[in-house]
Amino acid sequence: MTGRSYCGSFSRADAGQTVTAFGWVQRRRDLGKLTFVTLRDHTGVVQLVFADTEEDTALSEAHTLNREDVLSIEGAVRVRTDKDVNPEMATGEIEILVTKMEILNRAVTPPFLVDGDGSDTTEETRLRFRYVDLRRPRLHRNLALRHAVFQSARRILTEERFLEIETPMLTKSTPEGARDFLVPSRLSPGAFYALPQSPQLFKQLFMIGGIDRYFQMVKCFRDEDLRADRQPEFTQLDLEMAFPQSKDAVFAVLERVLSAVYREVAQIDLETPFPRLPHAEAMDRFGSDKPDVRYGMELKNVSEIAANGGFGVFTDAVRQGGKILAISVPGGASYSRKTLDELQDVAKTHGAHGLAWIKVEEAGSTSPIVRHLGANVVVSLIERMEAAVGDLLLLVAGEKMEAALGAVRVDVARREGLDCGSWKFLWITDFPLFGTDESGELTSEHHPFTSPWPAHASLLEKAPLEVLSEAYDLVLNGLELGSGSIRIHSRALQERIFRLLNISAEEAELRFGFFLRALEYGAPPHGGFALGMDRLVMLLAGERSLRDVIAYPKTATGLCPLTDAPMPVSEAQLEELGLQLRKQED
């Protein structure tokens with residue numbers, strides 16, 4: 001049989017067959033009259049043998065091959081001897097004795113080894129030569145996994161009668177919680193499009209338009225500070241459905257999608273329905289609105305006990321309306337002073353004034369604060385925290401210290417290796433509708449199109465910070481995967497929310513007039529969700545950075561080393577758009 005086969009597909013069953021293959025040279029070993037070449041394509045590698053025989057084997061050309069040269073070969077598959085089998089190669093039982101070879105293209109020396117782990121170069125170099133970096137088996141696996149995740153999600157949603165519909169990329173600026181990327185209009189000088197932070201209003205308009213169930217694998221854009229799990233452009237699974245009886249209907253759809261994805265691409269059966277936790281309880285127990293529930297160390301309020309001792313910091317904190325919170329770290333009594341200082345730095349970074357500690361030891365409890373608290377108070381604290389000999393109590397005092405101690409909890413889990421293994425999904429529900437900014441003005445906790453609890457609608461003007469919302473987040477192992485809500489479908493209620501957010505009637509008409517008018521034409525109850533697909537694939541692939549599951553990512557500073565974007569444009573282009581750059585001071 002003669003026909004093209006992929007490098008990673010050859011096996012002992014092909015012995016004696018004549019095959020063709022295409023790929024890149026991964027390495028070459030010259031042994032005089034015998035040359036071995038490892039040929040690679042996206043499926044794997046296979047060993048080629050060039051031997052000095054009576055047949056035309058192109059041996060002389062094989063001596064000239066360099067890494068990443070592109071080849072077409074024809075040859076016979078033969079089984080290796082037992083001593084020559086390479087168990088580290090999927091094709092290690094066979095090799096191809098090459099009879100014909102064509103060098104399709106020569107390659108200059110690559111900037112790094114494709115078969116390496118990437119430690120031989122910088123990330124910026126990898127991104128600058130991304131077309132070489134993409135040849136790595138690891139990145140191939142990640143992108144193939146991404147494809148499988150997307151296809152699985154699409155299939156389930158199609159079975160659930162959702163329609164995949166595209167929404168515009170050039171739209172108008174609306175408040176979504178981050179800065180917009182703006183695009184100047186040539187035909188409307190002085191006017192700008194905005195790249196969408198999400199298709200929020202368009203998908204709500206679909207529901208008003210009677211589409212009933214919509215989804216989209218959509219690119220979104222946010223001009224915000226970056227980190228390992230954030231990019232300026234990202235992909236989300238966006239969906240919306242009309243007439244949900246409650247948020248449970250949205251939850252059920254997402255749980256079916258994720259169950260299928262995990263079963264099909266990772267052979268993991270998820271337990272559904274996912275647990276649910278109200279936002280207030282999540283903050284009280286874990287100090288986070290995206291808690292990792294794979295381990296314990298839950299926060300406990302020990303104010304009634306600790307404030308009764310003689311430690312002034314605790315007593316004053318409670319007298320001023322604050323709390324004393326504690327966690328118990330199993331085995332933490334062995335922590336060094338250096339480790340305790342590092343944990344204190346974590347607490348301070350997140351707003352605490354300090355971090356107190358008590359080591360529970362065989363000979364008694366040790367701590368700089370034990371003599372101030374008194375023996376009886378320390379014993380009561382240990383009992384309240386259910387601590388055992390060898391454990392460590394960590395305490396913070398003050399107002400709104402949950403997040404600080406929650407951050408310490410996460411840091412301890414990382415140090416102890418508790419934040420690995422298993423998949424713990426969790427719905428966080430009942431978020432506050434509003435928060436406040438630095439100046440004390442009301443802001444939306446999610447976005448201004450989120451419906452308040454119906455029972456709390458009467459509190460909107462009287463006690464807005466007490467109003468809970470129909471918003472919900474999906475959390476996985478301490479990371480937010482996405483968020484959604486039941487939406488406002490009444491113009492009158494939407495305008496009330498705008499007024500509370502200090503959006504004037506004139507501004508509301510300018511920015512949202514098209515949407516407010518649509519709400520008057522029989523808008524049905526509706527709700528939806530947006531799931532971060534890059535982050536989901538990152539977790540499934542076991543990677544720590546989104547950049548390793550995106551084909552052409554940006555750096556941590558938002559740059560693209562491959563194309564050198566962003567970059568200046570010509571004066572002619574600026575003039576055509578009616579723009580003039582302001583000169584910056586040195």
Side-chain angles (χ1 to χ4, degrees), residues 1-81 84-86 88-118 120-121 125-141 143-144 551-552 562-563:
M1 177 191 75
T2 301
R4 181 190 177 188
S5 296
Y6 289 96
C7 292
S9 67
F10 296 108
S11 68
R12 182 183 288 266
D14 299 311
Q17 297 187 18
T18 299
V19 297
T20 61
F22 302 85
W24 288 262
V25 174
Q26 182 154 298
R27 67 172 63 90
R28 185 195 82 226
R29 289 185 296 133
D30 265 330
L31 302 178
K33 293 186 177 182
L34 207 60
T35 296
F36 296 95
V37 171
T38 304
L39 190 69
R40 182 193 68 247
D41 65 15
H42 75 280
T43 65
V45 296
V46 67
Q47 178 168 284
L48 310 180
V49 181
F50 296 82
D52 188 6
T53 67
E54 295 179 357
E55 302 178 35
D56 180 13
T57 63
L59 178 61
S60 59
E61 281 196 294
H63 290 314
T64 71
L65 293 176
N66 294 316
R67 288 180 181 269
E68 305 308 312
D69 284 349
V70 187
L71 306 184
S72 166
I73 64 96
E74 181 178 308
V77 178
R78 68 183 189 185
V79 177
R80 299 194 201 188
T81 62
D84 292 327
V85 168
N86 186 345
E88 297 182 3
M89 290 174 59
T91 59
E93 290 187 312
I94 59 92
E95 58 192 12
I96 300 176
L97 180 61
V98 177
T99 55
K100 293 181 182 178
M101 178 183 72
E102 180 181 359
I103 301 175
L104 302 175
N105 211 345
R106 292 285 191 178
V108 298
T109 301
F112 44 80
L113 295 175
V114 172
D115 51 331
D117 61 4
D120 58 334
T121 188
T125 300
R126 286 179 52 203
L127 296 183
R128 184 170 298 282
F129 297 92
R130 188 62 162 182
Y131 41 84
V132 176
D133 195 42
L134 286 173
R135 297 175 190 172
R136 294 178 188 274
R138 172 180 152 213
L139 290 188
H140 269 290
R141 286 193 299 270
L143 293 179
Y552 300 106
L562 175 66
T563 62

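Start at 1 with the first residue, then count along the sequence. Reckoned from all heavy atoms, side chains included, excluding hydrogens, waters and symmetry mates.
- Within the 4.5 Å cutoff, side-chain heavy atoms of Tyr552 are placed close to those of Leu562.
- Under the 30°/60° scheme for interplanar angles, the aromatic rings of His140 and His42 are found to be tilted.
- With hydrogens and angles ignored, the 3.5 Å screen pairs a side-chain donor or acceptor of Asp120 with a backbone N or O of Leu113.
- Contact detail for Thr43 and Gly8: the closest heavy-atom pair is OG1-N, 2.8 Å.
- When side chains are defined from C-beta on, Val19 counts as touching Ile96, because their heavy atoms get closer than 4.5 Å.
- With sequence neighbours excluded, the residues forming a side chain to side chain contact (heavy atoms under 4.5 Å, CB included) with Glu93 are Arg12, Val85, listed by chain and number.
- Considering only heavy atoms from C-beta on, Thr35 comes within 4.5 Å of Leu59 through its side chain.
- Atom OG1 of Thr81 sits about 8.0 Å away from atom CD of Glu95, to the nearest 0.5 Å.
- Of all the heavy atoms in Ala107 and Arg67, the pair that sits closest is CB-O, 3.9 Å.
- Between the CG atom in Leu39 and the OH atom in Tyr6 there is a gap of 13.0 Å [rounded to 0.5 Å].
- In plain terms, the two heavy atoms of Arg80 and Asp84 that are nearest each other are NH1-O, 3.0 Å.
- Salt bridge annotation for Asp30-Arg28: present, with a cationic side-chain nitrogen under 4.0 angstrom from a carboxylate oxygen.
- Partners of Leu34 under the side chain to side chain contact (heavy atoms under 4.5 Å, CB included) rule, at least two apart in sequence or in another chain, are Leu31, Phe36, Val49, Ala51.
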Show your reasoning for whether side chain to side chain contact (heavy atoms under 4.5 Å, CB included) applies to Ile73 and Val37.
-> CA-CA 11 Å; Ile73 64 96; Val37 171; over 6 Å; no

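- Two residues are said to be in side-chain contact when any heavy atoms from C-beta on lie closer than 4.5 Å; Thr38 and Val25 fail this criterion.
- Looking at Ile103 and Leu65, their side chains come closer than 4.5 Å, going by heavy atoms from C-beta outward.
- Of the candidates Asp14, Leu97, Ile94, Arg78 forms a side-chain contact (heavy atoms from CB on, under 4.5 Å) with just one, namely Leu97.
- Proximity of Asp133 to Thr121: side-chain heavy atoms (C-beta onward) are nowhere separated by under 4.5 Å.
- A salt bridge links Arg40 to Glu68: at least one charged side-chain nitrogen sits closer than 4.0 Å to a carboxylate oxygen.
- To the nearest 0.5 Å, atoms CD (Gln17) and OG (Ser5) are separated by 8.0 Å.
- At least one side-chain heavy atom of Arg130 sits less than 4.5 Å from a side-chain heavy atom of Leu139.
- Counting heavy atoms from C-beta outward, Val70 and Phe22 have side chains that stay 4.5 Å or more apart.
- Under the 6.0 Å cut-off for aromatic ring centres, Phe50 and His63 do not qualify, their centroids lying 6.0 Å or more apart.
- Remark: the backbone N or O of Gly116 is paired with a side-chain donor or acceptor of Arg136 at under 3.5 angstrom.
- The shortest heavy-atom contact between Thr64 and Arg106 is OG1-NH2, 2.8 Å.
- Note that CZ of Phe10 is 13.0 Å distant from CD of Gln47, once rounded to the nearest 0.5 Å.
- Across all their heavy atoms, Phe129 and Phe112 have their closest contact at O-CZ, 3.9 Å.
- Distance CD/Glu74 to OG1/Thr18: 6.5 Å, rounded to 0.5 Å.
- Residue Gly44 comes nearest to Cys7 through the heavy atom pair O-CB, 3.5 Å, listed as atom of the first residue, atom of the second, then distance.
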